[in-house]
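This one's a predicted model, so the numbers in the text were calculated from it and none came from an experiment. Numbers restart at 1 for each chain; the letters A, B, ... are given by sequence-line order, proteins then strands.
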There are 2 protein chains.
Amino acid sequence: MAQTKNFRFEELLDKHHLKKTGARLRVLSMMYSKNTATSQPDLESVMSDIDRVTLYRILNVFEEKGIIHKVFDLNGTANYAVCHSDCGENHHHDEHLHFNCTNCKNVYCLDDLHMPRLTLPDGFKAESFTLYASGLCPKCSKKSNVMAN
Amino acid sequence: MAQTKNFRFEELLDKHHLKKTGARLRVLSMMYSKNTATSQPDLESVMSDIDRVTLYRILNVFEEKGIIHKVFDLNGTANYAVCHSDCGENHHHDEHLHFNCTNCKNVYCLDDLHMPRLTLPDGFKAESFTLYASGLCPKCSKKSNVMAN
DNA sequence: ACATAAATGCAACATTATTACATTTAGATT
DNA sequence: AATCTAAATGTAATAATGTTGCATTTATGT
Ligand SMILES: [Mn+2]
Ligand SMILES: [Mn+2]
Ligand SMILES: [Zn+2]
Ligand SMILES: [Zn+2]
């Protein structure tokens with residue numbers, strides 16, 4: 001059962017010539033199970049049995065391989081999210097909106113909201129764009145509506 | 001002469017009911033003298049005689065008062081830039097493009113490039129937007145052109 | 001089953017940031 | 001000009017985040 005559940009992640013690791021280790025599979029299954037990014041502190045506390053350094057190394061390879069991407073939230077905290085664009089070895093295309101909820105602190109990757117390519121002042125050569133927004137996520141805006149009644 | 005040069009900054013501190021101290025004036029004059037943001041590490045090394053804690057406190061009040069705003073660069077390093085929008089006590093409106101040069105690491109506030117207000121998925125209530133771009137700044141793109149010849 | 005590169009664990013260290021408390025100072029009051 | 005006091009600074013201690021070097025273990029190909 002746990003075997004079956006991890007099958008796709010094992011394939012994913014294979015594809016990237018990474019060894020299938022317990023730590024890596026757990027990180028993948030945690031990140032793929034959520035629709036928001038996961039903060040480094042969260043990862044660290046959930047995976048507290050995995051050594052901190054190992055965790056950093058796992059996150060770094062995953063990022064290099066184009067499996068996940070790193071997003072800093074409004075507090076400068078590192079968050080990691082699964083790539084849904086076709087990212088590859090040192091080539092990311094995660095140019096979507098990152099929504100940071102000021103209440104629950106969750107970071108949402110809104111893949112559908114792509115960047116409007118705009119014209120920069122003379123001399124600036126842009127290679128990539130990222131869009132940030134902050135405010136209330138659906139869950140928290142619903143809650144605050146209820147509170148107000 | 002140094003007196004004259006600091007006059008506007010003394011006025012600024014006055015306006016915000018902040019005492020005119022040497023440290024604060026130096027931070028202001030450094031940040032206003034540049035057209036890019038200043039990173040925390042840079043500030044710390046330039047102002048190495050000012051205690052680190054004091055520096056953090058200065059940056060924090062300035063941010064609260066709406067004198068400067070904080071921007072995290074691609075490496076998650078805190079950068080601080082003068083506000084050119086009409087920001088005030090706990091009310092920032094710095095919704096412009098932040099350009100992070102991958103070569104010189106400088107962060108430019110491109111105030112003229114405002115956010116295209118876009119429609120978010122159901123439930124998301126955005127309060128503010130920020131736009132990030134990375135690539136080469138004018139100085140660095142010029143240099144890399146020269147190199148290529 | 002064996003060999004080996006890859007992955008992990010561990011210790012030490014660096015940087016960034018915050019808190020509590022003691023001391024100093026800017027600016028107001030007399 | 002001397003005095004007062006809230007505000008600002010300094011100092012020490014601690015926490016959180018991230019990196020490096022090296023020893024040990026393990027996944028995987030043979
Ligand atoms: Mn994303
Ligand atoms: Mn800015
Ligand atoms: Zn929320
Ligand atoms: Zn540059």
Side-chain angles (χ1 to χ4, degrees), chain A residues 2-3 6-7 9-28 37-65 67-80 89 105 107, chain B residues 2-3 6-7 9-28 37-65 67-80 89 105 107:
Chain A
Q3 233 68 355
N6 275 338
F7 186 69
F9 302 133
E10 299 190 1
E11 267 190 335
L12 185 60
L13 291 176
D14 256 345
K15 195 178 89 182
H16 290 284
H17 312 292
L18 296 172
K19 289 186 178 176
K20 302 160 203 160
T21 68
R24 283 173 176 169
L25 289 170
R26 282 173 56 202
V27 170
L28 286 178
T38 312
S39 71
Q40 184 278 328
D42 275 9
L43 275 163
E44 196 173 314
S45 70
V46 171
M47 312 273 172
S48 54
D49 51 323
I50 302 173
D51 189 85
R52 282 169 35 74
V53 180
T54 301
L55 190 51
Y56 278 111
R57 285 192 279 228
I58 289 175
L59 295 171
N60 286 337
V61 264
F62 284 3
E63 199 189 2
E64 281 166 22
K65 296 291 186 176
I67 299 173
I68 63 175
H69 60 282
K70 175 157 46 169
V71 192
F72 294 102
D73 68 17
L74 296 171
N75 307 309
T77 303
N79 286 64
Y80 295 89
E89 189 93 22
K105 314 301 176 198
V107 174
Chain B
Q3 234 68 356
N6 275 336
F7 186 69
F9 302 132
E10 299 191 0
E11 268 189 335
L12 184 59
L13 291 176
D14 255 345
K15 196 177 88 182
H16 291 283
H17 313 292
L18 296 172
K19 290 187 179 177
K20 303 160 201 157
T21 68
R24 284 173 176 171
L25 289 169
R26 283 173 57 203
V27 170
L28 285 178
T38 313
S39 71
Q40 184 277 329
D42 274 9
L43 276 163
E44 193 172 315
S45 69
V46 171
M47 313 274 172
S48 54
D49 51 323
I50 301 174
D51 189 86
R52 284 171 39 74
V53 180
T54 302
L55 191 51
Y56 279 111
R57 285 192 279 228
I58 288 175
L59 294 171
N60 286 338
V61 264
F62 284 3
E63 200 189 0
E64 281 167 21
K65 296 290 186 178
I67 299 173
I68 63 175
H69 60 282
K70 177 159 40 171
V71 192
F72 293 102
D73 68 17
L74 295 173
N75 306 310
T77 303
N79 286 64
Y80 295 89
E89 189 93 22
K105 314 300 176 197
V107 174

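In terms of position along DNA chain C, the nucleotide closest to B/Q40 lies nearer the 5' end than the nucleotide closest to the other residue of the pair B/G22 and B/Q40.
When rounded to the nearest whole Å, the span between CG of B/L25 and C1' of C/dG27 equals 14 Å. What separates NE2 of A/H16 from P of C/dA6 is a distance of 17 Å, to the nearest Å. Rounded to an integer number of Å, the gap from CG of B/L13 to P of C/dG27 is 9 Å. The separation between B/D14 atom CG and D/dA8 atom P is 12 Å, rounded to whole Å. Going from atom CZ of A/F72 over to atom P of D/dT17 covers 12 Å, rounded to whole Å. Nucleotide C/dA26 holds its P atom 14 Å from the CG atom of B/L18, rounded to whole Å. Here the P atom of nucleotide C/dA17 and the CD1 atom of B/I50 are 16 Å apart, to the nearest Å. We find that NZ of B/K20 is positioned 9 Å from C1' of C/dG27, with the value rounded to whole Å.
The two residues A/D49 and A/R26 come nearest to each other via the heavy atoms OD2-NH1, 2.9 Å. Between A/K20 and A/L13, the shortest heavy-atom distance links the atoms CA-CD1, 3.8 Å. Closest non-hydrogen pair, B/R52 versus B/E44, comes out as NH1-OE1, 2.5 Å.
One finds no salt bridge joining A/K105 and A/D42 here, because no Lys/Arg side-chain nitrogen approaches an Asp/Glu carboxylate oxygen to under 4.0 Å.
Between D/dT9 and B/T21, a contact under 4.0 Å exists linking OP1 or OP2 to a side-chain N or O.
Residue A/E44 is out of contact with every strand shown, counting any heavy-atom pair closer than 4.0 Å. Using a 4.0 Å heavy-atom distance criterion, B/R57 is classed as a base contact. Residue contacts for B/R24: at a heavy-atom cut-off of 4.0 Å it reaches the sugar-phosphate backbone alone, with no base atom in range.
Residue A/D51 places its side chain closer to C/dG9 than to any other of C/dT19, D/dT9, C/dG9. Checking C/dA7, C/dT18, C/dG27 against every side-chain atom of A/K19, the shortest atom distance belongs to C/dA7. Of the candidates D/dG18, C/dT8, D/dT9, D/dT9 carries the atom nearest the B/I58 side chain, counting heavy atoms from C-beta on.
Side-chain atoms of B/D51 come within 3.5 Å of backbone atoms of B/V53 as a donor-acceptor pair (strictly under, hydrogens ignored).
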